[in-house]
There are 2 protein chains.
Amino acid sequence: MPKVGMEPVRRKALVDAALRVIGDQGTLAVTMSDIARRAGVSPALAHHYFGSKEQLLIETVRSLLRQLRDDTVTALNAATAPREKLSALIRVSFQASQFAPDTIAAWLAFYSEAQRSEDVRRFLVVYARRLRSNLMANLKVLCPVDDAERIAEGAAAMIDGLYIRQSLRSAPIGIEASIALTEDYVTSHLDQLHRQGRAP
Amino acid sequence: MPKVGMEPVRRKALVDAALRVIGDQGTLAVTMSDIARRAGVSPALAHHYFGSKEQLLIETVRSLLRQLRDDTVTALNAATAPREKLSALIRVSFQASQFAPDTIAAWLAFYSEAQRSEDVRRFLVVYARRLRSNLMANLKVLCPVDDAERIAEGAAAMIDGLYIRQSLRSAPIGIEASIALTEDYVTSHLDQLHRQGRAP
DNA sequence: TTTTATTGATTGATGAGTCAATCAAAAATA
DNA sequence: TATTTTTGATTGACTCATCAATCAATAAAA
């Protein structure tokens with residue numbers, strides 16, 4: 001079986017498996033064996049490629065983040081006007097891939113882990129900053145900066161909040177409703193500023 | 001030292017210790033030893049009183065929830081008009097005790113745990129429902145039910161979202177700003193309905 | 001023959017849960 | 001009151017299981 005060039009294949013399989021297992025169990029207290037089994041290889045191989053569990057976990061957050069960034073870039077490119085870009089940002093956050101129970105559970109687990117691992121925390125901060133700055137960039141052209149800051153903060157919070165609530169699988173508000181709620185938030189605040197003559 | 005009547009004292013001390021240790025480490029992967037040490041007793045004693053780690057953890061969520069409920073009841077009683085009660089609900093959510101880093105980290109850890117433990121999940125669902133229903137009760141008298149539902153959902157999401165963002169200790173928007181943001185959300189949506197003639 | 005992929009077996013650490021023993025207060029009895 | 005018995009509080013020592021990490025061995029490719 002030893003075919004050459006397996007490394008990238010195995011790395012990806014292991015990271016994917018980690019994501020799924022973490023999603024399942026909702027915790028980072030998963031074992032290397034669990035992950036390896038799901039990936040269809042021996043635990044020893046997981047260590048061979050990643051060196052340690054910590055490292056494999058880091059790689060897993062990173063992949064989650066990369067996925068989100070790629071989706072974001074694509075969505076942003078498809079839109080032109082600032083208001084459209086805002087919608088695109090919202091939509092991406094709730095995209096099917098991000099809204100899958102496994103993915104949500106994994107994000108949550110990492111948020112919790114961030115308390116302990118400075119590395120994990122750094123990655124999540126990057127995510128938070130990126131979302132915020134993307135929102136800001138487009139809001140800024142639609143209203144004064146300080147208002148933009150508030151709206152960005154609020155929208156980001158709402159997005160995160162809808163996520164966490166989704167993880168409980170209660171009051172199961174779906175993708176479309178989540179998008180509508182966030183859109184509504186942005187629209188109504190922008191309108192309000194407009195009426196007050198503080199925005200174009 | 002064996003003084004009689006220690007049971008309630010020890011139980012409370014252990015639950016408090018669990019909360020603090022979980023807050024510290026941001027994970028439920030804490031050991032009974034950690035908790036017992038923080039409470040100043042032997043690990044064996046923790047088992048003696050709670051039977052298992054799971055049970056101690058359950059007791060800990062429960063205490064968190066009880067605290068929140070008591071605060072809510074108090075705040076709600078202090079307010080009279082519906083709009084005031086809404087403000088009270090928002091304020092309670094961000095009260096110092098709830099917004100303490102330890103407490104936030106603990107909530108997060110439990111959210112993550114909910115994926116695995118049906119018991120923990122049940123408690124968190126209770127929290128989510130309670131917040132929602134409290135908001136609804138007061139919104140209903142200020143606007144049509146279906147609008148009330150949307151606003152309640154949005155406000156609840158925003159509250160949860162501000163929490164989770166707080167846990168990262170980045171873009172650290174403080175208590176007052178969090179309250180203002182949520183208030184703003186409610187006010188502006190209520191106003192909007194009012195202008196449209198769909199609310200008194 | 002050297003390199004890459006892969007695993008079974010093993011090690012060392014850690015942690016949950018058990019248990020028997022200890023100590024002191026309270027209750028019962030003389 | 002003095003003494004014995006019972007009960008609650010508490011722990012040290014132990015067991016058993018699990019898990020991350022290591023390593024030597026095997027097998028295929030180059």
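Chain letters run A, B, ... following the sequence lines, proteins first and then strands; every chain starts at 1. Note that the structure is a prediction, hence the values are computed from the model and not measured.
A/Arg10 has a side-chain polar atom (N or O) that falls below the 4.0 Å cut-off from OP1 or OP2 of C/dT6.
Residues passing the ring-ring contact (aromatic ring centres under 6.0 Å, His included) test with A/Tyr127 are A/Trp107, sequence neighbours excluded. When the ring-ring contact (aromatic ring centres under 6.0 Å, His included) test is applied to B/Tyr185, the partners found at least two apart in sequence or on another chain are A/Tyr185, B/His189.
In this structure, the nucleotide among C/dA5, C/dT7, D/dA9 sitting nearest to the side chain of B/Met6 is D/dA9.
Rounded to an integer number of Å, the gap from B/Asp34 CG to C/dT14 C1' is 11 Å. One interatomic measurement links the two molecules: OH of A/Tyr49 to P of C/dT4, which rounds to 10 Å at whole-angstrom precision. Distance CD (A/Gln25) to P (D/dT18): 14 Å, rounded to an integer number of Å. Here the C1' atom of nucleotide C/dT14 and the CD1 atom of B/Ile35 are 15 Å apart, to the nearest Å. Taking atom CG of residue B/Leu28 and atom P of nucleotide C/dG15, one finds them 15 Å apart after rounding to whole Å. If you measure from atom CZ of A/Arg37 to atom C1' of C/dT7, you get 15 Å, rounded to the nearest angstrom. Rounded to whole Å, the distance from CZ on B/Phe50 to C1' on C/dG15 is 19 Å.
Annotation: B/Arg91, atom CZ; neighbour count of heavy atoms from other residues, nucleotides and ligands within 6.0 Å does not exceed 12.
With respect to the salt-bridge test (charged N to carboxylate O, under 4.0 angstrom), the residues B/Asp16 and B/Lys12 qualify. Looking at A/Arg38 and A/Asp24, a side-chain N of the basic residue comes within less than 4.0 Å of a carboxylate O on the acidic one, giving a salt bridge.
Side-chain N/O atoms of A/Thr31 and A/Asp34 include a donor and acceptor closer than 3.5 Å.
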Between the protein and nucleotides 20-23 of chain D, which nitrogen or oxygen pairs are less than 3.5 angstrom apart?
| unit_1 | atom_1 | unit_2 | atom_2 | d |
| --- | --- | --- | --- | --- |
| D/dA20 | OP1 | A/Val30 | O | 3.4 |
| D/dA20 | OP1 | A/Met32 | N | 3.4 |
| D/dA20 | OP1 | A/Lys53 | NZ | 3.2 |
| D/dA20 | OP2 | A/Met32 | N | 2.9 |
| D/dA21 | OP2 | A/His47 | NE2 | 3.0 |
| D/dA21 | OP2 | A/Lys53 | N | 2.9 |

